[in-house]
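Counting convention: from 1, in listed order, for ligands and their atoms alike. Basis for what follows: all heavy atoms, side chains included, without hydrogens, waters or symmetry-related copies.
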Amino acid sequence: MPARLSPYEIMERLVAFPTVSRDTNLPLVDWVEDYLKSHGITAHRHYNEDNEKAAIFAHVGPEEEGGIVLSGHTDVVPVDGQPWASDPFTVVERDGKYYGRGCCDMKGFDALSIWALVEAQYRGVTRPLQLALSYDEEIGCTGAPPMIERMQEVLPKAKTVLVGEPSMMTAVTAHKGGRAFWVHMHGFEVHSSLMHTGVNAIMYGAKLIEWANTINAENMARTPSDVAALFEPPWTTVHVGQISGGTAHNITAKDCEFGVDFRILPDEDPEMWRELFLAKVAEVEAEMQAVVPETRIEIIEKFGLPGLAPEQQGEAEAIARAITGDNGNHVVSYGTEAGHFQTAGYSAVVCGPGNIEQAHQPDEYITVAQFNAGHDFMKRLLDRL
Ligand SMILES: [Zn+2]
């Protein structure tokens, strides 16, 4: 009889793998695969392009469609430069809290899900339960779309997804979507006394940034839709959080680079915002090229994350509410993989233990109480299945 680990013991194992997004997650995936296999569960992998990371997913119960997916991610954010009181990759219990990188976001939930899958295997559920653990969530949820596609080819298609990002076990039914661009302005250097003959990458970049300011002001002035009104702030925002450029105060800057991030209401079309932005980019680029034809604006599309829109009579929400007893209206300001699942036709909700405020922090923790609440949630879910 193979060892059946408790959720806490599984979390200890998972946290011990330093699966920072930039590094491989394969040792963790190996462990999960072996553990599931020792309990008679066949897991499947989907590798990323360079085969350094993999998503892992599995199905338990009758070989039929309509099951429930427990969705988590395996990657964590870096600990570089953060003051930790103890080793970030060793779970330590102090003062009613489990400390460790990922305990809150979201190896705690991953552990509970793995535990639930094994339990489901032994109990013999009548409705399928699936596990889906992705990679690259923390760098734009880019690992989820290929995983979701692959899952549907390999496993009977499930109907409902519970994404266990920290929500204090409340049912989160909506979040904004995201679009991120990296902008590289390629200008033309001249002495600043002759600036009319040069193209100052910083000053033309400022036109795009000022466009962001204008969009924010316009959006803020708009009357919010019902969906928008759920959010703080109730409008789509455009943000520039990082910039560099120029070489000296008396040279028209040859280069300027900055990041432009959109947080988009789930009832607005991300493609529309992309096109508006790119139209502005084309306009500014034309102005630059009127001065020096070889100048240009390079746009790197970092990621697009669909929003999570509230569902009418969604099963995911109904299950989360029935189990947690939570009837409040919750939206969050962070993006999750729930938007990707919803886009792929699943009913999706975010519901997981822990507080997002503790995610990504030095001395990240989940309270023992929240972890146990997550455990109770899984037990009740299993009873329903
Ligand atoms: Zn997360």
Just say parallel, tilted or perpendicular for the rings of Phe181 and Phe262, cut-offs at 30° and 60°. perpendicular
Other residues, nucleotides, ligands: >12 heavy atoms within 6.0 Å of Lys157 NZ: yes
Candidate list Glu337, His73, His340, Lys53, test side-chain hydrogen bond (donor to acceptor under 3.5 Å, both in side chains), partner Ser134, passing option: Glu337
Under the criterion salt bridge (charged side-chain N to carboxylate O under 4.0 Å, His left out), I'd like the reasoning laid out for Lys37 against Glu33: C-alpha separation, chi angles, the key distance, then a yes or no. CA-CA 6 Å; Lys37 199 179 188 181; Glu33 186 175 277; 5.6 Å; no
Is the ring centre of Tyr35 less than 6.0 Å from the ring centre of His39? yes
Identify, with sequence neighbours excluded, every residue that meets ring-ring contact (aromatic ring centres under 6.0 Å, His included) alongside Phe57. His44
Polar protein atoms near the Zn ion (ligand 1) [N, O or S; cut-off under 2.8 Å]: His73 NE2, Asp105 OD1, Glu165 OE1, Glu165 OE2
